[in-house]
Structure formats: C-alpha cells, structure tokens
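All values below come from the heavy atoms of this structure, side chains included, with hydrogens, waters and symmetry mates left out. Atoms within each ligand, like the ligands themselves, are counted from 1 in listed order.
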Amino acid sequence: MKKIFMYNLLNMEKPFVKHFAAQHPDVTFAGTPDKLTSKNVGLAKGADGISIHFNSPEKSLYSSLHKFGVKIIGVRQTGYNEVDLDAAKKNHLVVTNVPGYSPRSVAEMALTHVMYLLRHIGDIRQREAKGDFLWAGDEAREIHNLTVGVIGTGKIGGTSAKIYKALGAKVLGSDPYPNPQLKSTLTYVPLKTLLQTADVIVLHTPLLKSTRHMIGAKEFKLMKNSVIFVNVSRGAVVDTNALIDALKDHEIAAAGLDTIEDEGNTFNRDNKGTIPNQYIKQLINMPNVLITPHVAYDTDNSVKNMVEISLNDIYDVINGKSVKDQLNK
Ligand code: NAD
C-alpha cells in the first residue's frame, strides 16, 4: 500500500481528496492543516509522496524527506519559487507543480482589481463610511477606450489579454517568448513602450531571478501618472518600496495587489486587528489601493483541479511513471 501525506490541507480541498482516494484504493491519504516545517516533517515518515501548498521548506528538510523514503514533493499550485529545486534533486526528490489549473481564475481577479480601481470604488466606500455620498471626484474611464499592457503572456496573461480584447480595449504584450497564437489579440512591444503607453498594466510573470524587482522606481517613472497597476503574479516581482513611493508621489494613479512581498507573515492568517507586514500596513488605507490576500486562484474550479492534477502526478511518480509537470528533470 502506498501513502501520500498532505501538508497545509485546507477544508475546501478535503472533498476533492476524498473523491481521489475513493478512486485509488491502493493509496492511503493523511494530512495536517499545518505547513511543512522541521517540527512536523516526521509526519512524512512512511509516505511515498508528499503534497505541499504555499510553503517554503527549509533546506534541511529535503534530506529528511529523502531519508524517510519520500520520492516526490507535489506542489499543488502553479508558482513554485518557494521550493529549492536543486536541493530536491540532490536528494532524489521529484518536484511537480500544477500549471494552468484555471488561468481564468487569476485573470478574472486581475480584471476585478482593474474595474474596482477604474471606478474609484475604494474612495467611494471610504467616503460612504463617513456619510459622504457626494458625486464629487468619481469620474471614471471606460475600459474600451483604454490601452491595457499585459506583462507575461503565458497561460494566465494570455487569458487576461483575451478578456481585455473582448471588452474592446487595445492590448499590448511584453514577454521574452511571444506567443504567435495571441497575434489577433495583442501587439507585442518592448517593455519600455508598454510601460510608457498603457493606461492599465497587469503583471502575470513568474517570480524568477530575472523577474525579481523587475518593476521598480525606474519602471514606475516611465508609466503614465494615470496608470492603474495590478500585480496578481508574485509580490517580489515588484519593488514594493518603489511602488509605495510611486503612489505617494502620484507617479501612478492606483495599484491592485493580490500578492505582496513577504506576504507570508500576514496572508491566510487572522492577525487579530494587527498587520504584521510593513508594506501592507502602509498601503491598506490608501483609497486608490486594493489588496486581496493571494486569493486570485481561489475558485471552485481551481481548487478541484489543483488537488486532482497534483495528486495524479504524485500517484504516477510513486508508481514509477514520469510526468509532464516535473520541474527538476
Ligand atoms: P506561464 O508559465 O504560463 O506564463 C508565464 C509567462 O511569463 C511566460 O510566457 C514567460 O515567458 C513570461 N515571462 C518570463 N519572464 C518574463 C519577463 N521578464 N517579462 C515578461 N514576461 C516574462 O505561467 P502562468 O500559469 O501564466 O502563471 C504566471 C504566474 O502567475 C505564476 O508563475 C504565479 O507566480 C502567478 N500565479 C498567481 C496566482 C494567484 O493566486 N495570485 C495563481 C496562479 C499563478
């Protein structure tokens, strides 16, 4: 009998795990709501594969997992920047992720941020809370009259671009690997041109060494002062101190953030009235900023796909098969 152990197992994931277990009686499943740490790595003893989610395992844990006989770490999300692929490889651990579980989920959240900010909803809500229902200052722009710049035109960015095109906007794209299938959707331009001409900028790149802080002070200065800037990729793709300065100095008009640097100390926690993250603390009360706690992925469709695709990969690897989602070949 094989065994799969799941860390950070969320209540909303349990029905899909139960369904998978019913279809795979040759595997036992166990899990904990806690993230994988040095304190609970022992729970993986006897497991053939483990499944993690929003987790940055300490370096020492990879050799512990190998010693326990674990063969695969299945990351049940798309972004895998938290996992040390080299340390995993050294310890003979296959690592997989779930690319494209539902690009639409993230693209629709980016659109939600864009529309919220375009229509000044943050400002309207703050004034309403004080009894001010005046019409002053709420004039918005219509998206079909605007140019939307999509940075990173992969699965999510490509889906996003098609949404803005369908809404009548002019769409520009920037990506080191342009996708010819998006030819009728967007026009590829150099990043500098996109930053200078777009009215709305949405960020859909992965966090890589080459993309860390790729949007910083220099890039914000190139943008229009009226730009709406939305990041639903990874917090550290943006230099957040530079973003805060750009907002304070009115170099950009508004920012929507589903991810933010060092978010782990604040997101997916009830912080009981406090905000541990210093960036969020500075941004949260700005009427022209919308922060959501890394929930762009969180739709019924996504959660089902993340669990099922990831468990399928783990199942195949522990049964000696190779899988297309392996990251460290
Ligand atoms: P993908 O691999 O399909 O696409 C990423 C694209 O970014 C690729 O086309 C790549 O060439 C491009 N890229 C790389 N470096 C670039 C650069 N310097 N400039 C412009 N483009 C660059 O990935 P995807 O499925 O579209 O996901 C993108 C990212 O979205 C993930 O890596 C993850 O970090 C993030 N994400 C966030 C959430 C959320 O809930 N907020 C959910 C899923 C994914």
Side-chain angles (χ1 to χ4, degrees), residues 8 10 12 53-56 75-83 85 95-114 149-163 171-183 185-195 198 201-216 218-219 222 230-239 255-261 263-264 267-268 290-307 309-310 324-325 327:
N8 206 13
L10 309 173
M12 64 184 173
H53 193 216
F54 292 115
N55 213 162
S56 313
V75 181
R76 47 184 204 285
Q77 68 193 58
T78 303
Y80 53 86
N81 48 287
E82 296 101 334
V83 180
L85 296 183
V95 179
T96 57
N97 73 333
V98 186
Y101 50 81
S102 173
R104 189 81 194 199
S105 65
V106 183
E108 286 188 8
M109 180 59 114
L111 173 69
T112 306
H113 277 239
V114 170
V150 179
I151 304 178
T153 59
K155 288 177 285 301
I156 298 172
T159 305
S160 203
K162 286 178 190 161
I163 292 176
V171 188
L172 303 178
S174 164
D175 195 306
Y177 301 99
N179 178 356
Q181 288 175 353
L182 294 173
K183 210 173 155 195
T185 305
L186 55 76
T187 307
Y188 280 106
V189 293
L191 179 62
K192 190 175 174 191
T193 311
L194 184 151
L195 297 173
I201 295 176
V202 286
L203 197 49
H204 290 299
T205 60
L207 176 59
L208 307 167
K209 271 189 195 143
S210 59
T211 60
R212 181 172 290 274
H213 284 195
M214 72 176 274
I215 304 296
K218 191 174 112 222
E219 287 70 27
L222 288 172
V230 170
N231 180 14
V232 288
S233 64
R234 282 292 182 271
V237 178
V238 177
D239 176 345
L257 309 167
D258 186 59
T259 58
I260 197 156
E261 282 186 280
E263 67 188 37
F267 284 180
N268 199 18
L290 174 62
I291 295 176
T292 49
H294 206 137
V295 288
Y297 77 95
D298 190 2
T299 66
D300 50 357
N301 189 38
S302 290
V303 175
K304 175 179 182 293
N305 288 342
M306 278 194 282
V307 170
I309 295 169
S310 186
K324 68 170 176 34
D325 300 330
L327 297 163

If the cut-off is 4.0 Å to any non-hydrogen atom of [X], which atoms of ligand 1 fall inside it?
{"X": "Y177", "value": "11 (O)"}
{"X": "A296", "value": "39 (C), 40 (O), 41 (N)"}
{"X": "D258", "value": "39 (C), 40 (O), 41 (N)"}
{"X": "V106", "value": "38 (C), 42 (C), 43 (C)"}
{"X": "S174", "value": "20 (C), 21 (N)"}

Which heavy atom of the protein is the closest neighbour of [atom], given with residue, atom name and distance?
{"atom": "atom 43 (C) of ligand 1", "answer": "Y101 OH, 3.1 Å"}
{"atom": "atom 27 (O) of ligand 1", "answer": "I156 CD1, 3.3 Å"}
{"atom": "atom 18 (N) of ligand 1", "answer": "T211 CG2, 3.6 Å"}
{"atom": "atom 9 (O) of ligand 1", "answer": "D175 OD2, 2.7 Å"}
{"atom": "atom 37 (C) of ligand 1", "answer": "V232 O, 3.2 Å"}
{"atom": "atom 7 (O) of ligand 1", "answer": "P206 CD, 3.3 Å"}
{"atom": "atom 40 (O) of ligand 1", "answer": "Y297 N, 3.0 Å"}
{"atom": "atom 35 (C) of ligand 1", "answer": "S233 O, 3.6 Å"}

Between atom [atom1] of [X] and atom [atom2] of [Y], what is the distance when rounded to the nearest 0.5 Å?
{"X": "I201", "Y": "N231", "atom1": "CD1", "atom2": "CG", "value": "11.5 Å"}
{"X": "L290", "Y": "T112", "atom1": "CG", "atom2": "OG1", "value": "9.0 Å"}
{"X": "E261", "Y": "R212", "atom1": "CD", "atom2": "CZ", "value": "7.5 Å"}
{"X": "L207", "Y": "K209", "atom1": "CG", "atom2": "NZ", "value": "11.5 Å"}

Counting only heavy atoms, tell me which of [options] gets closest to [atom].
{"atom": "atom 19 (N) of ligand 1", "options": "G152, P176, G154, A236", "result": "P176"}
{"atom": "atom 34 (O) of ligand 1", "options": "H294, H204, R234, K155", "result": "R234"}
{"atom": "atom 29 (C) of ligand 1", "options": "T205, L257, I215", "result": "T205"}

Counting only heavy atoms not in Y80, do more than 12 fall under 6.0 Å of its OH?
-> no
Which residues share a side-chain contact (heavy atoms from CB on, under 4.5 Å) with V98, sequence neighbours left out | Y101, I309, S310
Mind checking side-chain contact (heavy atoms from CB on, under 4.5 Å) for R104 and listing every partner two or more places apart, or none if nothing turns up?
-> S102, E108, T159, I163
Is there side-chain contact between V295 and F267, with at least one heavy-atom pair below 4.5 Å?
-> no
Taking non-hydrogen atoms only, is T78 closer than 4.0 angstrom to ligand 1 via side chain, backbone, both or neither?
-> side chain
Would a distance-only check, ignoring hydrogens and angles, find a side-chain to backbone donor-acceptor pair under 3.5 Å from T211 to P206?
-> yes
Is there a donor-acceptor pair under 3.5 Å between the side chain of D175 and the backbone N or O of T153?
-> yes
Under 3.5 Å, is there a donor-acceptor pair between the S105 and S302 side chains?
-> yes
